[in-house]
Amino acid sequence: MNSISTVTSPTRSFKDADSTSKSPGRNERKIIPMDMKLENRLNIKDLERLQEAFMTEGDGYDNKLSLTKNQFCEALSLLLKKGSREEYAELYDNIDVTRDGIVDWDKFASHMLLEFYEKDDRVKSTQVPQWKDLKHLQSPHKDIVQRVSYLKNSNRYLGISKEGCISMWNHDLKLQKSLKIPTGAYKARDLWVMDFVLLQNVNKIALAFTSKEIAIYDLSSKLEFLCQYTVQDLPYTPLSLDYWYNPDNANEATLVWGDVGGYVNILFFNSANIALFERPNAPAGDKQDPCLKVTLSMIEAGHFKNATYAKYQAHKDKKTAKAEWVRQVMYSHYLECFISCATMSNNAVVIGWMEKHTAVSGNVDRSQFEFNISQGVNAFDYNSHLNLIATAGVNNHVCLWNPYVVSKPNGVLRGHMAGVIQVQFIKNRGQLISFSKDKVLRLWDVQLQVCIQRLAGMFPKGPEVYTTLFFDDSRDRNGNERNRLFTTFNYQITMMEMKLEIKNRVVSHDKPVISAIYNTVFNQVVSVCQSGTIIMWMIDTGQKVKQFNKVHGNSEITCIAQDPTETRIYTGSTDGTVKVWDFNGHCYHVLDCAGGQPADLGQILILKRSVIVIGWTRFITVFRNTSFKDYHVQPSDWKGGQAHTEDILNVTFMGPHTLATGSYDGEIVIWNTNSELASKHMSQRSKREVIKSRNKEPSTLCVVGEETEGVRPTTGRSKSRALSRVSEGSNDEQNEFGWAICKLLFLASRKGNSASRGANLVSCGGNGWVRFWNANHGTLLAEFVAHKHAGSIKMATDKNNQYLATGDVDGNIKVWEIIEYCIHESEELLKTPPKLVSEFQPHIDMINTLEICERNDRLLVISASCDCSIAVWDVYGNKIGIFGQEEHWKVEPYSPEELEERIDTPKEDENKEEVIMDVERNSDWSPDEQAIDNPQEYRINSWSKTFLGKDYQELRVCKRERRQPSTIPNLPYLHWEKTGQPPAGPYSVSLFYFACSTSR
């Protein structure tokens, strides 16, 4: 392993780091990691101690103490004792940026606040968001959805498609209404909506049509969609729109659009709140047209005092003089410029600068900044806080540009395998979203310029589609950020919402935890995360013991297991290898599972004479113990060959020679490990068998395999009920993963109960189903939904098979009592769930593994989750702790029965106390005369004057008198030196020789 670190305590680790480090020379600067900086090591007690010291009287601000550099270093050395003098001097230099030569509490506190703010920004930008499941919004559209936006005034989302259909959703994403835009003299098929933009300050919307006009509609009316203005006779068809208004003066606004002629057109409004365009007086006796028709020539001629027009050509090939379509346009008030892009290498992004202080005058400076990007740009976004332009390149790259530097980008974000079509900044997180043609969404850390998340596979499949993005980071009425990502795929609209982040939550790893297993030899929990970090934790206290980093290099870890002796650890990775380790970090063997090719290993099972690996194929990969002579071990052939039609996802074993495997389509196969042949196929709940039963008349469910005599025939009633159960669950299992076997468990305590034909195998899968099987006869005995509306679930049981714990994708855990559940065969399929012992939620994200262990007569549930934490609870729902927290815990025996007795006991004590108080009230009491006469010298004798002393004396009187030792008899051997008699007793000989030797 690359690095091993043994952790004892935080204080010890910092002390060792300081003691072993050498002081740097004058020209040498010691590089301190961000987490080891002195500012990050100070706790609240240290800050309170420093504040108290600075608050003493002195010559500084407000007559408080101010220190020079030497005084500051000396004071921190006495007060903190958490760093070296060089660190204190560096901290002083960072605080005294103005070089005044003194530092007081105000300067120190300001520096610490800035440091904490920067730390929060760093954590927020690198924090990987957790997303809820993808939702498909109800869509009335029949053509490509051009854009989705959020209307602040009415708290609604609005989307418009190419055919002119407008849809509105409320904040709960329920479709409120949809309507069709009237096309007027044009036919519906001849008029397309190319883009739209919301005019938030005047509650209007502007639409760009292929008829070379821009229509502005009023959104104030709830009944009608009224068109108020149409800007007609445009020289080219508008393609993209943008709108900006001055938040300090809502009358100042700018409407900009790009067209197919490569031009950027701008309309400046100076009284937008009153009217965008002045309406002329209608002739006497005529009704005024509700829609005012405006032409660009009228605006240029000065017919409208409150509007001016300007334009410039941004995208044109200088060699061929061919204009390129303007794909997107934006006005930036921060830069006072217009930004546009096109799919051409030259002039891919163009910035048109405005003349200073002419926001509504209509004057555009002729100077332009041109960015040349290979193959052009599909879209862009600008972040004024970072002053960066992000471009979605046709060449698969996302580039970050400084608006004032056109020669080369600040950074190039590589990772997409297809052309990038959309980019958008998440401004409050310092992150960037990009989406490519192959339906892969990536989330980037802008400052570090690295990809922190990749999402693929959940978006609608199909041919090439038109896609737009809209990320809503506004706040709701409660002040919480919505963080909703809307994605359109032609006429479909999908939405993903970020899960709420719990601040100051405890994490065990930096990355999602893949698995956590309990080791009974060392009483430790071994956990591993995606980045390949293995950590050992003490189960009794939660303390970290060891940490191994990057055990498979840069490859992700997918599974971990330990051998039956619990002295070896097996780790599987996406590089297709399994490594064998000891608890000191030494690698003994490397098992090549996929012939040197990458493979997503799912599970490792260590048997007595072999190691089985599954997860990426339909076959079982086996490694014989006889092959473990070399460092690199090659797999052997599994004699049974292929028995599954889909990939194997899970495997479990029960002695002496029974193996069970579950596949992606829901089929369970029972194997004999001696012959390595399949003995039974249990496919009652597999995808193939259920679909077959739907297509034909219901028939008796049976085991498809070699042995059919052990199949339990079903009566007509039970058969119909079983199939109805399948039909009931068919809606839930329509999705592709609904049939998968996520976990298999043998109930080892029921191994000898074959005569009762009870359940000895448990399976769980998609949509929260748990099923009990009899593996000997291949029958399904019971099934129930443990977690409703959940995806795949995980489960675990204790060694006595008394409890079964199940966990879902939302972090919920349920504990069921199964010791008496399904121990006998019944005539009908059992659908009633077992007794629910407890239910709790230790995580906020998907649970990857569960394990139940016993420690100090207490059953503990260990859960590993994608929220980067490992939680320990007991089976009754009591929290023990989370690995990584500062406070250590202690596992003590616990039972609900004893707790009930403790709760009932105080009631008896209260009754006794009430009786005593009544006796005291009724008794005659008078003060001592000596206390009244001489109170200063009066002393109470606690033995005779108090109830406690009297009770204690009575106990001592009633106690059996201890026998006192008698006088020691006059034994001659005890004083033989005086009498001269020979010594006697057990040490007589040694004493005699010792006395003789000393006398000589």
Side-chain angles (χ1 to χ4, degrees), residues 5 9-127 385-388 402 404-405 410-411 429-430 445-450 504 510 886:
S5 61
S9 67
T11 308
R12 175 70 181 274
S13 62
F14 292 132
K15 183 179 178 181
D16 293 345
D18 291 335
S19 60
T20 57
S21 62
K22 298 180 180 179
S23 60
R26 292 183 178 178
N27 298 328
E28 238 178 53
R29 184 179 178 86
K30 184 168 64 174
I31 300 175
I32 301 175
M34 190 63 63
D35 295 337
M36 294 295 293
K37 289 181 64 176
L38 179 62
E39 293 92 326
N40 297 331
R41 282 182 280 169
L42 300 181
N43 53 32
I44 187 65
K45 293 183 180 179
D46 298 330
L47 296 176
E48 290 176 353
R49 199 179 300 118
L50 289 173
Q51 183 184 18
E52 184 179 357
F54 271 112
M55 288 296 104
T56 58
E57 293 185 3
D59 300 332
Y61 175 74
D62 200 13
N63 295 327
K64 301 300 181 182
L65 184 65
S66 60
L67 302 175
T68 62
K69 187 172 185 178
N70 293 331
Q71 293 173 347
F72 182 82
C73 298
E74 188 67 25
L76 264 63
S77 301
L78 297 175
L79 293 173
L80 298 182
K81 298 179 181 179
K82 283 194 172 182
S84 62
R85 196 173 182 87
E86 290 82 1
E87 288 180 301
Y88 298 147
E90 185 177 358
L91 176 60
Y92 182 91
D93 294 336
N94 293 334
I95 297 173
D96 188 20
V97 292
T98 57
R99 296 296 182 263
D100 295 334
I102 56 172
V103 166
D104 55 9
W105 172 249
D106 288 341
K107 288 185 177 181
F108 181 83
S110 300
H111 172 76
M112 294 300 297
L113 283 174
L114 290 175
E115 188 70 25
F116 291 148
Y117 284 143
E118 291 177 1
K119 184 179 179 181
D120 289 342
D121 292 341
R122 288 193 298 267
V123 171
K124 204 169 187 179
S125 63
T126 57
Q127 192 170 15
H385 179 69
L386 301 175
N387 196 25
L388 286 176
N402 186 319
Y404 301 102
V405 180
N410 279 11
R429 299 175 67 94
D445 184 296
V446 178
Q447 291 185 350
L448 300 179
Q449 297 184 7
V450 295
N504 301 326
D510 295 333
E886 293 183 4

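Excluded from the calculations below are hydrogen atoms, water molecules and symmetry mates; all remaining heavy atoms, backbone and side chain alike, are included.
- Counting only heavy atoms from C-beta outward, the side chains of Asp106 and Phe54 never approach each other to under 4.5 Å.
- At least one donor-acceptor pair under 3.5 Å links the side chain of Arg49 to the backbone N or O of Leu79.
- Remark: Phe72 engages Tyr92 in a ring-ring contact (aromatic ring centres under 6.0 Å, His included) (not counting sequence neighbours).
- Judged by distance alone, with hydrogens and angles left aside, the side-chain atoms of Asp100 form no donor-acceptor pair with the main-chain N or O of Ile102 at under 3.5 Å.
- Counting non-hydrogen atoms of neighbouring residues, nucleotides and ligands closer than 6.0 angstrom, the CD atom of Gln51 exceeds 12 such neighbours.
- The shortest side-chain heavy-atom distance between His111 and Asn94 falls under the 4.5 Å cut-off.
- Under the 3.5 Å distance criterion, the side-chain polar atoms of Asp96 are left unmatched by any main-chain donor or acceptor of Val103.
- Checked against side-chain contact (heavy atoms from CB on, under 4.5 Å), Ser77 has the following partners two or more places apart in sequence or in another chain: Arg85, Tyr88.
- Under the ring-ring contact (aromatic ring centres under 6.0 Å, His included) criterion, Phe108 pairs with Trp105, not counting sequence neighbours.
- For Asp510, the CG atom counts as loosely surrounded, since its 6.0 Å shell holds 12 or fewer non-hydrogen atoms of other residues, nucleotides or ligands.
- Taking the side chain to side chain donor-acceptor pair (under 3.5 Å) definition, one finds that Asn410 meets it with nothing, sequence neighbours left out.
- Residues that satisfy the salt bridge (Lys or Arg N to Asp or Glu O under 4.0 Å) test with Lys69, not counting sequence neighbours, are Asp93.
- Ion pairing of Asp104 with Lys107 is absent here, as no side-chain N (NZ or NE/NH1/NH2) approaches a carboxylate O to less than 4.0 Å.
- Listed by chain and residue number, nothing satisfies the side chain to side chain donor-acceptor pair (under 3.5 Å) test with Asn43 (two or more places apart in sequence, or in another chain).
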